[in-house]
Amino acid sequence: MKKEIIINSSLHEVRVALMEEGEVVELLVERTDSKRIVGNVYKGKVTSVKPGLQAAFIDIGLERAGFLHASDLEHDDEEEENGGRGRSRFRRVPDIGSVLKTGDDIIVQVTKEPISSKGPRLTADISLPGRYLVMMPKGRHIGVSRKIEDRKERGRLKQILQDSRPEKGAFIIRTAATVASDQAIEADVKYLSNLFTAIDENNREATAPALIHEDVGMVVGLIRDIFKEDTSRLIIDDQGDFDRLSKYIKTFAPELRNRVQRYKGDLPIFDQFEIEAEIRKTLDKRVWMKKGGYLIIEQTEALVSIDVNTGRFTGRRNQEETIFQTNLLAAKEVARQLRLRDLGGIIVIDFIDMENENNRKRLFNEMRNHLKNDRARHKVFQVSGLGLIEMSRQRVRPSLESQLSNDCPYCTGVGKVLSMETMSSKIERLIHRIAIVTKETRLQIQANPVLALYMLEERPEQFRELCRSFNIELNVLDDPTLHVEEFRVVSLDSGKDLIAEFEKKTQRGGRR
C-alpha cells in the first residue's frame with residue numbers, strides 16, 4: 001500500500017494529511033493558540049477525591065481539572081506483548097481514598113484532551129515514547145509489539161534491551177525497531193532514560209500545578225510514531241519545519257532521510273494533492289460513495305450514528321446482491337471516515353439489512369479488515385439482527401468537526417458554521433491562490449463585520465505577510481449584509497470578482 005504524509009505549515013497552524021493509495025485517511029490540525037497536550041507531564045495538586053467514583057480531580061494549571069481514575073494510579077508489571085499499556089483482566093485496583101488526599105502533589109500525564117465540558121484524562125503511570133521504544137519508569141518488564149512476529153527477531157531485540165537497559169523502568173519494543181540496529185536501540189534507551197531523569201529533576205524544583213515535560217510537537221510526534229519503512233515519502237512546504245524535521249530524522253531515523261522532500265510547487269501543497277476539497281467534505285453529513293450509494297454521519301454527545309443507503313445504486317442482479325455490494329463499499333468508506341473525521345466513543349453503523357447469514361459474516365470481516373490500519377484502539381462487534389454493527393473507538397482528542405467549526409449563533413447550535421480561525425485561514429489560502437493565478441496586485445476582502453474585525457485585530461500579521469510575500473495591496477471592508485461564512489475578494493482596479501475569476505482560470509487549466 002502506497003502511504004504518503006503531506007504537511008502544510010503556516011504562521012498560525014500546521015495541517016498534516018496522511019494518504020493511502022492517493023486517498024486522505026487522516027487529517028491532523030494544530031494551531032499555535034490551541035496546541036495538543038496529550039503526552040505532557042505535569043506536577044499536579046489533588047483538588048478533590050471521590051471514593052464513590054474511585055477517582056480524583058487534579059489541578060494541572062488548565063481551565064478544568066483533570067480526571068484520574070484509581071486504575072491509572074499504578075503500573076501493571078506483567079509482561080505486555082501488545083506494544084501498548086495492557087491490563088490484566090483481574091488486576092486489583094487500589095482504593096483511591098487510601099492513596100490520595102486533597103492537597104497532595106502528584107506527577108500525572110495527559111492521555112486524553114479536554115473534550116466538550118470534560119477536563120483532560122490523566123494517568124500516574126507515565127509513558128515516554130521514543131522512536132523504537134516506549135519507557136514506563138514505574139515498571140520493570142520488557143514487552144514486544146505483537147506485530148513483530150519473527151521469533152528470532154523478538155529474541156534479538158529483547159537481548160539488546162536486556163544488555164543496555166537501566167536499573168529502573170519498563171520498556172515496550174515498538175514495531176519500528178525491526179529495522180533498527182543495536183546502536184539505534186541503545187541510543188533510544190539512553191535518550192528515554194535521560195528524558196525521565198530531566199522530568200524527575202523538574203518535578204523536584206517545580207511547585208504544583210506546573211508543566212514539567214512537554215511532549216514533542218504534532219509534526220515531530222507524527223514522524224516518531226508513523227513515519228516508517230512503509231511510508232514512501234513525506235512532503236512539507238515550510239523551509240524551517242523541513243530543516244527541523246531533517247535534523248530529527250538524521251539523528252533518530254537516518255534510513256528515512258531520503259524520503260523527506262521540500263515542496264516547491266506553485267500551487268499551495270494541499271491544492272496540489274487535492275486535499276482542500278476533501279477537508280471541505282468532512283463537514284458534510286452526507287458522504288457519497290462509488291456507484292451512487294451514500295452515508296449519513298451524525299455526531300451526538302453520546303454516540304456517532306452512520307446510516308448506509310443504496311441511493312442511486314440499483315445493481316445488475318437481485319436485490320440481496322445490490323444491498324451486499326453497497327454494504328461492502330460502505331464498510332471501506334466508514335473505516336476511512338472514522339479516521340479522517342477522528343470520530344470516537346460509541347459508534348453505531350446501520351448497514352442495509354441482509355437476509356443471507358454468510359453475507360453478514362463477510363461484511364463483518366470486511367469491516368475489521370479495513371480498520372487494520374487505524375492507529376486508534378477499537379473494538380468491532382458482529383452484525384446484529386437489525387443489520388447494525390456496533391463498535392467503540394478510542395477518543396484522544398476532539399473530532400475534526402469540533403476543531404474546524406463552532407456552534408452556529410444563528411441556529412443556537414443545531415447547525416454549524418466555520419470558526420473565525422478557520423475562515424481567516426481559508427481566506428489567507430484563497431488570497432494566496434488568487435495572487436498566483438490572477439496576477440492581481442490590489443485586492444479587497446469584503447466580509448461580515450465579525451469576520452472583518454477578527455482579521456484586522458487578531459490576524460494583522462498574517463495578512464501583512466501575504467502582502468510582503470506576493471507584493472500586493474490588501475484591505476478589508478466590512479459588509480453587514482454578508483453571512484458570517486460569506487466573503488468576497490474583488491479587484492480594487494477593475495472591481496472584478498476575483499474568486500469567480502480564479503475558479504474560471506483553474507477550471508480551464510487545473511492540474512493535480
Side-chain angles (χ1 to χ4, degrees), residues 12-14 16 28-47 55-69 71-75 84-85 100 104-131 133-139 169-170 172 174 188 191-226 241 244 248 252 342 344 375-377 394-399 402-403:
H12 290 278
E13 69 178 5
V14 176
V16 180
L28 304 172
V29 179
E30 183 173 75
R31 294 178 173 133
T32 53
D33 55 353
S34 57
K35 288 187 176 182
R36 68 174 191 167
I37 62 171
V38 167
N40 287 359
V41 179
Y42 295 84
K43 183 174 186 177
K45 188 170 286 293
V46 179
T47 58
F57 290 91
I58 315 295
D59 178 12
I60 59 173
L62 302 181
E63 183 179 349
R64 293 189 292 271
F67 178 86
L68 175 67
H69 191 264
S71 60
D72 292 313
L73 276 171
E74 298 178 357
H75 181 76
R85 199 195 314 247
L100 293 177
D104 283 352
D105 289 349
I106 183 172
I107 302 177
V108 289
Q109 185 175 39
V110 178
T111 59
K112 185 186 291 186
E113 300 275 356
I115 298 174
S116 186
S117 60
K118 298 177 181 177
R121 180 71 185 255
L122 308 175
T123 179
D125 184 13
I126 309 302
S127 174
L128 304 174
R131 174 69 180 170
L133 308 168
V134 177
M135 178 185 182
M136 287 153 289
K138 285 188 175 182
I172 298 294
R174 306 180 75 174
D188 221 22
Y191 163 73
L192 292 173
S193 299
N194 290 340
L195 179 59
F196 176 67
T197 299
I199 292 172
D200 196 37
E201 290 174 357
N202 290 341
N203 173 53
R204 287 197 294 268
E205 296 173 1
T207 301
L211 173 66
I212 58 176
H213 167 67
E214 185 173 13
D215 196 19
V216 295
M218 181 180 71
V219 173
V220 173
L222 196 70
I223 305 314
R224 177 191 66 196
D225 296 338
I226 69 169
D241 282 344
R244 284 188 286 274
Y248 175 85
F252 292 98
D342 204 3
R375 295 186 297 129
R377 291 196 303 272
Q394 178 188 22
R395 179 160 51 187
V396 175
R397 64 189 66 85
S399 68
S402 61
Q403 286 183 282

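Values below: all heavy atoms of this structure, side chains included; hydrogens, waters and symmetry mates excluded.
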Closest approach of M135 to L192 (non-hydrogen atoms, all atoms of both residues):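 Closest approach of M135 to L192: SD-O, 3.6 Å.
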
Identify the two heavy atoms, one from G44 and one from I60, that lie closest to each other, and give their separation to 0.1 Å.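 Between these two residues, the closest heavy atoms are CA-CG2, 4.2 Å.
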
Determine whether [X] and [Y] make a side-chain contact, defined as any pair of heavy atoms from C-beta on separated by less than 4.5 Å.
{"X": "R397", "Y": "I115", "result": "no"}
{"X": "P114", "Y": "R121", "result": "no"}
{"X": "F57", "Y": "V46", "result": "no"}
{"X": "V29", "Y": "E13", "result": "yes"}
{"X": "L122", "Y": "D72", "result": "no"}
{"X": "P120", "Y": "E113", "result": "no"}
{"X": "I172", "Y": "L133", "result": "no"}

Say you draw a straight line from [atom1] of [X] to [atom2] of [Y]; how long is it, rounded to the nearest 0.5 Å?
{"X": "L62", "Y": "N40", "atom1": "CG", "atom2": "CG", "value": "9.0 Å"}
{"X": "I126", "Y": "T111", "atom1": "CD1", "atom2": "OG1", "value": "10.0 Å"}
{"X": "T123", "Y": "E74", "atom1": "OG1", "atom2": "CD", "value": "11.0 Å"}
{"X": "L128", "Y": "D188", "atom1": "CG", "atom2": "CG", "value": "11.0 Å"}
{"X": "I37", "Y": "E214", "atom1": "CD1", "atom2": "CD", "value": "10.5 Å"}
{"X": "I58", "Y": "L100", "atom1": "CD1", "atom2": "CG", "value": "6.0 Å"}

Got a list of side-chain donor-acceptor pairs under 3.5 Å for residues 195-207, not counting sequence neighbours?
unit_1, atom_1, unit_2, atom_2, d
T197, OG1, S193, O, 3.0
D200, OD2, R204, NH1, 2.9
N202, ND2, A198, O, 3.3
N202, ND2, I212, O, 3.0

Do [X] side-chain atoms and [Y] backbone N/O form a donor-acceptor pair below 3.5 Å?
{"X": "S399", "Y": "D342", "answer": "no"}
{"X": "R131", "Y": "R174", "answer": "no"}
{"X": "K138", "Y": "A124", "answer": "yes"}
{"X": "Q109", "Y": "V41", "answer": "no"}

Can you name the side-chain hydrogen bond (donor to acceptor under 3.5 Å, both in side chains) partners of H69, sequence neighbours left out?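 Partners of H69 under the side-chain hydrogen bond (donor to acceptor under 3.5 Å, both in side chains) test: S71.
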
Could you pull out all residues at least two apart from R36 that satisfy side-chain hydrogen bond (donor to acceptor under 3.5 Å, both in side chains)?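 Applying side-chain hydrogen bond (donor to acceptor under 3.5 Å, both in side chains) to R36 gives none.
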
Stepwise side-chain contact (heavy atoms from CB on, under 4.5 Å) test for Y42 and V110: CA-CA 8 Å; Y42 295 84; V110 178; 3.6 Å; yes

